[in-house]
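These notes concern the structure reproduced below.
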2 protein chains.
Amino acid sequence: MIDSIEADGPVPKYVQLADILEQRITAGELLPNKPLPSEKFLMAEYGVARGTARRAVEVLRDRDLVFTVPQRGTFVKPKDS
Amino acid sequence: MIDSIEADGPVPKYVQLADILEQRITAGELLPNKPLPSEKFLMAEYGVARGTARRAVEVLRDRDLVFTVPQRGTFVKPKDS
DNA sequence: GTACATTTGTTCGTATGTATA
DNA sequence: GTATACATACGAACAAATGTA
């Protein structure tokens with residue numbers, strides 16, 4: 001179980017954060033059509049900069065796990081979509 | 001006396017604005033329990049974006065000079081508090 | 001009771017500059 | 001030279017609460 005972010009490792013912080021969030025999604029902690037923690041929250045919770053949080057969410061979009069609605073937030077994708 | 005905001009200096013705009021407002025408080029221009037200029041007003045008066053105005057007010061809160069009441073405004077703290 | 005304006009709260013989008021690895 | 005990371009700064013949109021007409 002990954003649950004914290006390491007600074008001096010081979011894996012970029014934003015990838016580590018994306019992996020953590022993917023775990024939280026697949027574990028059912030973050031539910032379909034429910035919002036991901038906001039960028040601000042991720043910054044506070046994991047001690048990263050906003051750009052890093054944004055890139056992590058971008059990775060999740062690329063992995064087709066979440067979708068972002070401008071000005072509304074980023075949400076977990078339902079399984080059938 | 002600081003009274004205008006410079007763009008390309010070493011001091012961030014939001015800190016410059018916080019310094020200006022602190023001066024206006026200590027000079028007695030902005031009185032205890034009276035409202036600070038609203039974010040909208042600060043944007044117009046100093047030519048900054050809303051985020052910059054908000055961050056300046058945040059700095060003043062950190063300096064314990066003002067307190068904010070949601071949906072009401074931000075007010076100068078009385079000396080004895 | 002309703003409509004409107006004001007103000008703060010929140011979120012996302014984008015860009016630039018700097019520093020480091 | 002590129003990728004990573006952070007700080008700053010602008011813009012935009014919507015929500016919620018308050019106060020007033």
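Naming convention: chains lettered A, B, ... in sequence-line order (proteins, then strands); numbering from 1 in each chain.
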Report all interatomic pairs (protein N or O, nucleotide N or O of nucleotides 1-4 of chain D) with separations under 3.5 Å.
{"unit_1": "D:dT4", "atom_1": "OP1", "unit_2": "A:Tyr14", "atom_2": "OH", "d": "3.0"}

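- Annotation: A:Phe67, atom CZ; neighbour count of heavy atoms from other residues, nucleotides and ligands within 6.0 Å is above 12.
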Interface polar pairs with nucleotides 8-15 of chain C, N/O, under 3.5 angstrom:
{"unit_1": "C:dT8", "atom_1": "OP2", "unit_2": "B:Glu39", "atom_2": "N", "d": "3.1"}
{"unit_1": "C:dT8", "atom_1": "O2", "unit_2": "B:Gln71", "atom_2": "NE2", "d": "2.8"}
{"unit_1": "C:dG9", "atom_1": "OP2", "unit_2": "B:Arg54", "atom_2": "NH1", "d": "3.4"}
{"unit_1": "C:dG9", "atom_1": "OP2", "unit_2": "B:Arg54", "atom_2": "NH2", "d": "3.2"}
{"unit_1": "C:dG9", "atom_1": "N7", "unit_2": "B:Arg50", "atom_2": "NH2", "d": "2.8"}
{"unit_1": "C:dG9", "atom_1": "O6", "unit_2": "B:Arg50", "atom_2": "NH1", "d": "2.9"}
{"unit_1": "C:dT10", "atom_1": "O4", "unit_2": "B:Arg50", "atom_2": "NH1", "d": "3.3"}
{"unit_1": "C:dC12", "atom_1": "O2", "unit_2": "A:Gln71", "atom_2": "NE2", "d": "3.2"}

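- Among A:Leu36, A:Val66, A:Thr68, A:Val69, the single residue meeting the side chain to side chain contact (heavy atoms under 4.5 Å, CB included) criterion with A:Phe75 is A:Val69.
- Once rounded to the nearest 0.5 Å, the distance linking CD1 of B:Ile20 with NZ of B:Lys13 reads 11.5 Å.
- A:Leu60 and A:Leu30 fall within a single hydrophobic cluster, where Ile, Leu, Val, Met, Phe, Trp and Tyr are joined by side-chain heavy atoms under 4.5 Å apart, directly or via other members.
- Straight-line distance from the CG atom of B:Leu42 to the C1' atom of D:dC10: 16 Å, rounded to whole Å.
- Residues A:Val11 and A:Ile5 do not share a hydrophobic cluster, defined by chaining ILVMFWY side chains whose heavy atoms lie under 4.5 Å apart.
- One finds the CZ atom of A:Arg55 at 11.5 Å from the CD atom of A:Glu39 (value rounded to the nearest 0.5 Å).
- At whole-Å resolution of the value, CD1 in A:Ile5 and P in D:dC6 are 9 Å apart.
- Checked for salt-bridge contact, A:Arg63 and A:Asp19 meet the test: a charged N lies under 4.0 Å from a carboxylate O.
- Look at OH on B:Tyr46: it is 16 Å from P on D:dA9, rounded to the nearest Å.
- Between atom OG of residue A:Ser4 and atom CD of residue A:Gln16 there is a gap of 8.0 Å, rounded to the nearest 0.5 Å.
- Figure legend. D:dC14 is base-paired to C:dG9; pairs are counted as Watson-Crick or G-U wobble with both atom distances under 3.5 Å.
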